[in-house]
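Take this structure first; my questions come after.
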Amino acid sequence: MFRELIGGLRITMQAMLRKPLTIQYPEEQRPVPPRARGRHILHRYDNGLEKCIGCELCSGACPVGCIYVLPAANDPAHPVSPGERFAERYEINLMRCIYCGYCAEACPTEAITLGPRLDLADYKRERLVATKADLLEAWPGFRPPGGAAGGGPR
Amino acid sequence: MAGDGRRGVILAIGSGINVPLTLLIALVKGVLLLVVLLTTAAYLVLAERKVSARIQLRIGPNRVGPGGFLQPAADAVKLIFKEAAAPEGRDRLLFELAPGLAAAMALFAFATIPINQTICINGRGGAGPLSAACPGGLALHWDLAHLNIGLLFILAITSIGVYAIFIGGWASNSKYALLGALRSSAQLISYEMAVSFAVIGPVLLSGSLDLERVVGAQHGLWFVFLQPLAFLLYLTAGLAETNRLPFDLPEAEGELGAGYHTEMAGMRFGMYFVGEYVNMVTVAAIATTLFLGGWMAPLFFLPNWLGPIWFAAKVGLLIFVMLWIRWTYPRLRYDRLMQFGWKVLLPLGLANIVVTAVFVALR
């Protein structure tokens with residue numbers, strides 16, 4: 001009996017001498033796997049033009065209908081995207097999104113992909129509808145259309 | 001029966017001197033003991049959480065203050081400001097009384113434990129480690145109330161502590177609390193026997209119930225080496241006395257909600273909690289006094305005047321062992337617990353008493 005009791009105490013002592021496995025979450029974060037499906041990103045070309053051409057295929061492919069795209073015609077003098085149209089509004093309801101990635105598969109220009117960001121909780125429902133300003137990839141000289149950057153879902 | 005302190009007061013009244021000094025010393029000792037014990041109990045909770053965390057490869061509380069150092073304060077604030085919900089149909093008087101009794105008895109039991117050798121002020125000749133008399137001076141005992149039957153006093157007080165648990169369970173008017181209280185009283189009464197038998201060994205060897213004399217008799221050789229079996233018995237029964245795993249049947253949160261304090265919320269629960277952790281300190285302190293040489297230096301070349309430090313170190317070590325045991329072993333089944341108490345601990349304790357008595361008689 002005593003051998004077993006001592007053996008048990010030895011195991012817990014060994015555990016006490018080991019380094020804890022805890023990751024102190026908000027300060028320390030585990031690296032996200034490269035193909036993790038987190039919040040969406042709208043990409044740009046290297047010259048700053050948006051990849052999205054407002055075709056709405058993502059919206060059609062979305063199984064829960066959480067994507068809303070309002071296309072508009074490009075001004076030939078100041079194009080937003082290289083195509084004929086661009087997305088004037090692009091909204092994703094993150095409360096409804098199931099992060100399946102079908103929008104990324106449907107996209108003909110690889111404008112939308114799912115990114116690494118996973119901490120999407122918020123106190124206000126309105127802030128959980130990601131707008132184009134929230135989703136669009138930044139680039140040097142980028143100014144968010146209306147409103148400051150970082151006002152979107154955290 | 002009356003301790004030196006009390007006799008001091010009476011004598012002083014007769015001779016018209018020293019009354020304020022004696023009372024002042026008692027007051028200072030009492031306040032100091034209270035503050036130290038309550039702080040220790042609060043930090044024991046933190047220590048318990050830290051040790052359990054490390055055993056489970058976690059970090060434990062580390063948000064309040066550096067390294068979680070202020071966590072006990074946060075816990076206290078939480079307990080005080082919590083709604084003190086209470087069940088309908090409770091016995092109002094006893095329900096309020098029981099938690100206070102638990103905390104008070106736990107604190108009370110510490111009163112006769114000496115944490116240092118007696119110091120002789122203005123007397124001829126030092127009191128020394130054997131607590132010799134201090135003629136003509138003031139013998140400063142390092143316990144709150146110096147009784148020549150200190151050990152008996154502790155056993156009596158810890159038995160009153162059982163009432164706190166039983167009254168709490170009874171007054172709650174709740175089946176879980178009542179079942180927990182029933183188990184608890186049965187367990188505590190049976191383990192009280194084992195405790196009493198275990199402490200008789202050192203008492204026989206030192207020939208005194210005066211805890212200072214018991215420590216003094218360990219000069220050179222601690223009783224843990226002469227009485228290893230009694231030490232183990234005392235530690236085991238002490239775990240049961242403090243309702244700690246693997247003997248925490250009274251709480252048994254998986255079966256009984258929380259046992260006898262199921263219905264206690266807020267500071268009522270806090271009082272029980274304080275009582276439980278102070279009891280741990282008391283059990284460790286008694287084990288230190290009886291078996292580990294009390295205030296004496298652990299190695300002969302270390303200075304004896306650091307008495308309270310050695311005492312605290314030994315108590316701390318024992319408490320760590322208690323925490324370590326708690327987070328290692330699973331809870332015993334109730335019938336096994338009773339079987340272990342009556343069929344293993346008690347006969348072993350008796351055998352130990354017989355062997356020790358024969359040894360003392362032949363010496």
Between B:Tyr329 and A:Gly8, is there a donor-acceptor pair closer than 3.5 Å when you use the side chain of the first and the backbone of the second? no

Spatial distance of atom CD1 (B:Ile59) from atom CD1 (A:Ile23) [nearest 0.5 Å]: 9.5 Å

Just so I know, are the side chains of A:Arg18 and B:Leu57 near enough to count as touching, which here means a heavy-atom distance under 4.5 Å? yes

From B:Gln56 atom CD to A:Thr22 atom OG1, the distance as rounded to the nearest 0.5 Å: 10.0 Å

Between B:Ile325 and A:Leu9, is there a side-chain heavy-atom distance shorter than 4.5 Å? yes

For B:Phe269, look at atom CZ and say whether over 12 heavy atoms of other residues, nucleotides or ligands are found less than 6.0 Å away. yes

Might you confirm whether atom CZ of B:Phe69 has over 12 heavy atoms from other residues, nucleotides or ligands at distances under 6.0 Å? no

OG1 of B:Thr328 to CZ of A:Arg10, rounded to nearest 0.5 Å, is 12.5 Å

Applying a strict 4.5 Å limit to non-hydrogen atoms, the region of A:Ile11 in contact with chain B is neither

Counting neighbours of CZ on A:Arg30 that are heavy atoms of other residues, nucleotides or ligands and sit closer than 6.0 Å, is the number greater than 12? no

State whether the number of non-hydrogen atoms from other residues, nucleotides or ligands found under 6.0 Å of A:Glu110 atom CD is greater than 12. no

Inspect the surroundings of CD in A:Gln29 and state if more than 12 heavy atoms from other residues, nucleotides or ligands are less than 6.0 Å away. yes

Between A:Pro20 and B:Arg54, the two heavy atoms sitting closest are CG-NE, 3.6 Å

Are A:Gln24 and B:Asn62 close enough that some pair of their side-chain heavy atoms sits under 4.5 Å apart? yes

Chain A contact via B:Trp327 - which portion, at a heavy-atom distance below 4.5 Å: backbone

Counting only heavy atoms from other residues, nucleotides and ligands, does the tally under 6.0 Å from CZ of B:Arg58 exceed 12? yes

Greater than 12 external heavy atoms within 6.0 Å of B:Glu83's CD: no

